[in-house]
Amino acid sequence: MRTIIEPFRIKSVEPIRMTTAAEREGHLREAGYNVFLLHSDDVLIDLLTDSGTAAMSAEQWAAVMRADEAYAGARSWFRFEAAVRDITGLPIVMPTHQGRAAERILFGAVCKPGDVVPNNTHFDTTRANVEAAGARAVDLVIPEGRDPQSRHPFKGNMNVDALRALLEREGAGRVPLVMLTLTNNSAGGQPVSMANVREVASVCRAHGIPLYLDACRFAENAWFIREREEGFADWTPLAIARELFRHADGATMSAKKDGMANIGGFLATRDERLAQRERDVLILTEGFPTYGGLAGRDLDAIATGLYEALDADYLRYRIRATGYLGEKLLAAGVPIVEPPGGHAIYLDAARFLPHIAPRELPGQSLVAELYRVAGVRGVEVGTVMFGGRDPATGLERPSPMELVRLAIPRRVYTQSHIDYVAEAVIEVFERRHALRGMRFTFEAPTLRHFTARFEPLP
Ligand code: F0G
């Protein structure tokens, strides 16, 4: 088989400023070893997130120029609405400035205190918005989804028996909606199968509960279904996406992922009465319903980007790039979440640095070292992000998994960049015994990972 090449040429380039390990060591110290606090000019390969970091295409930039900035009823809005309706089949579309705004409006409208919202795995803003509405966020991913080494093809699937049991226990009246996150970001960017979507939808229907998709990476999920699920090999990604959404009553979307845009999102539904209430909040906090929190040019860039994300050549390259990095690391013995996910490789810091206890923040130590050695910025998805203090003892409660995410921006890096990342990780892996843990020198009471400061343990 030939190399799967990047299915694009580069027309506009953004220089990377080279730095030395000694310089980066200084930057790390100034940033309190928190890579969120670095200047991005000091980063060589930025794998902090795949969100809002995509390179837009010539067609998207052309759409930006063609856009209509009218306050109400802009041409850009009608293109946006038509694209979302065409792909999702959801008739009512509300534009938002990004995914979490859609979440806040949705959960604010449907949740009451004491409610329970099941998801395969809530993303952190999703969980925070459920909780802000007074409800409880429950993760019901299948057991394989919590095992970094299980090679289940659809590790993002929801445990349907656990969902049934939850509905029995809580009563349907306490569950305003069920959500499925495609792909399951927090548990490794793992896909959900069509069979699982159908089964969850049928349980929801039987209980009269709406099913929502957190559709951030719906196109990548569609590609995995095509590659891995029987019966879909000759479907187009668009047809698979339509079939996924056909089972849903609504969706939240961050267009910063598979919208191929740098900002934007939407909330979509089939429920006109609910939409009426949501629109009131939309106007209050985002903007008039034909622009939400977005400029006309953003709406147009997304309308074009949603289709580009579904292009088969693009998806083949996209999923291959991630798999390629994962396979290189596995071949060198580096522990990662297997199989490689869609948008990111997750290093398993617990197995990478078994000599560093979870309370000594192995993931943070690994993130800092990757930056110091090679200028590669990843992000800790472990105790720093999901742990917390026991209110009684003040002791750290470790997260069940200690991961480091290397998220791959869309259409930004080439194969040689990916090779460089693999070399850097392998270099750190070879001298992993020299790494030490870290401790907090500052932590905010909520979402502490963004602003925390650390120091290496002696
Ligand atoms: N849902 C999922 C599954 C996400 O991954 C994100 C964002 C959101 C919702 C919220 O969207 O950022 O537009 O408000 N994930 C980014 C990440 C931030 O790095 O994974 P947003």
Side-chain angles (χ1 to χ4, degrees), residues 1-14 45-47 49-64 79-80 83-84 86-88 182-183 185 189-192 215-229 232-245 253-265 298 300-327 339-345 406-419 421:
M1 238 221 340
R2 295 204 189 99
T3 301
I4 295 171
I5 61 171
E6 289 86 5
F8 49 79
R9 287 184 298 234
I10 296 166
K11 180 177 277 181
S12 175
V13 299
E14 190 181 353
I45 308 277
D46 200 350
L47 307 184
T49 180
D50 64 320
S51 180
T53 52
M56 292 215 295
S57 66
E59 281 307 313
Q60 283 179 294
W61 285 111
V64 163
R79 280 197 68 221
F80 177 92
V84 175
D86 177 45
I87 293 167
T88 68
L182 315 179
T183 57
N185 182 7
Q190 301 292 333
V192 178
C216 294
R217 300 178 180 84
F218 75 98
E220 292 170 4
N221 201 102
W223 188 258
F224 280 117
I225 288 174
R226 182 178 141 133
E227 298 272 279
R228 295 182 184 170
E229 193 162 352
F232 291 97
D234 54 5
W235 286 45
T236 64
L238 176 59
I240 296 173
R242 284 184 179 141
E243 176 64 16
L244 283 170
F245 284 107
M253 170 82 187
S254 167
K256 301 172 75 170
K257 284 84 168 174
D258 280 348
M260 300 290 224
N262 302 123
I263 195 71
D298 302 322
D300 250 305
I302 296 164
T304 302
L306 286 168
Y307 288 104
E308 291 183 358
L310 286 164
D311 179 82
D313 291 336
Y314 159 73
L315 281 170
R316 185 175 294 111
Y317 137 79
R318 166 76 177 155
I319 300 302
R320 183 60 207 140
T322 308
Y324 173 80
L325 174 57
E327 284 163 23
H343 66 297
I345 291 298
L406 305 175
I408 306 183
R410 293 169 180 76
R411 302 189 295 211
V412 170
Y413 294 116
T414 63
Q415 185 171 344
S416 75
H417 291 118
I418 300 281
D419 285 331
V421 171

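Residue indices begin at 1 and follow the sequence shown. These figures come from a predicted structure and were not determined experimentally.
The closest side-chain heavy-atom distance from I10 to T414 is below 4.5 Å. Here the side chains of F218 and K257 are not in contact, with every heavy-atom distance at 4.5 Å or above. Side-chain contact check for R226 versus L315: every heavy-atom pair is 4.5 Å or farther apart. Side-chain contact between L238 and I87 is present, with heavy atoms from C-beta onward closer than 4.5 Å. In this structure the side chain of I408 reaches within 4.5 angstrom of the side chain of I418, judged on heavy atoms. Side chains of T49 and P409 form no contact here, defined as non-hydrogen atoms less than 4.5 Å apart. Between Q415 and T3 there is a side-chain heavy-atom pair separated by less than 4.5 Å.
Between R318 and the options E227, E6, E220, a salt bridge (Lys or Arg N to Asp or Glu O under 4.0 Å) holds for only E220.
With rounding to the nearest 0.5 angstrom, the CG atom of L182 is 7.5 Å from the CD1 atom of I225. To the nearest 0.5 Å, atom CZ of residue F8 and atom OH of residue Y317 are 3.5 Å apart. Atom OG in S254 sits 8.5 Å away from atom CG in D50 (nearest 0.5 Å). Note that the CD1 atom of I302 and the CE atom of M260 stand 12.5 Å from one another [nearest 0.5 Å]. Interatomic distance, S51 OG to R217 CZ, rounded to the nearest 0.5 Å: 7.0 Å. Atoms OG1 and NE2, from T183 and H343 in turn, are 5.5 Å apart once rounded to the nearest 0.5 Å.
Proximity of a side-chain donor or acceptor of E59 to a complementary backbone N or O of G305 within less than 3.5 Å is not detected. Without hydrogens or angle criteria, R242 side chain to D86 main chain gives a donor-acceptor distance under 3.5 Å. Judged purely by atom type and a 3.5 angstrom limit, N262 uses its side chain to pair as donor or acceptor with the backbone of A54. Between the side chain of Y413 and the backbone N or O of D46 there is at least one donor-acceptor pair closer than 3.5 Å.
For T322, the side-chain hydrogen bond (donor to acceptor under 3.5 Å, both in side chains) criterion is met by no residue, not counting sequence neighbours.
Residues G265 and F80 approach most closely at O-CZ, 3.9 Å, considering heavy atoms. Nearest heavy-atom pair, A58 versus K11, reported as atom, atom and distance to 0.1 Å: CB-NZ, 4.5 Å. Shown here for V412 and A55, the closest heavy-atom pair between the two residues is CG2-N, 3.6 Å. The two atoms that bring A219 and A309 nearest to each other are CB-O, 3.3 Å, heavy atoms only. Nearest heavy-atom pair across P340 and G326 is CG-CA, 4.0 Å. Between Y314 and P7 the shortest heavy-atom distance is CA-CG, 4.0 Å.
Sorted by first then second residue, the salt bridge (Lys or Arg N to Asp or Glu O under 4.0 Å) pairs that include residues 301-310, not counting sequence neighbours, are E308-R411.
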Query - V421 vs L325, side chain to side chain contact (heavy atoms under 4.5 Å, CB included): CA-CA, chis, key distance, verdict - result: CA-CA 8 Å; V421 171; L325 174 57; 4.1 Å; yes
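Applying the 6.0 Å contact sphere to CH2 of W61 captures no more than 12 heavy atoms from other residues, nucleotides or ligands.
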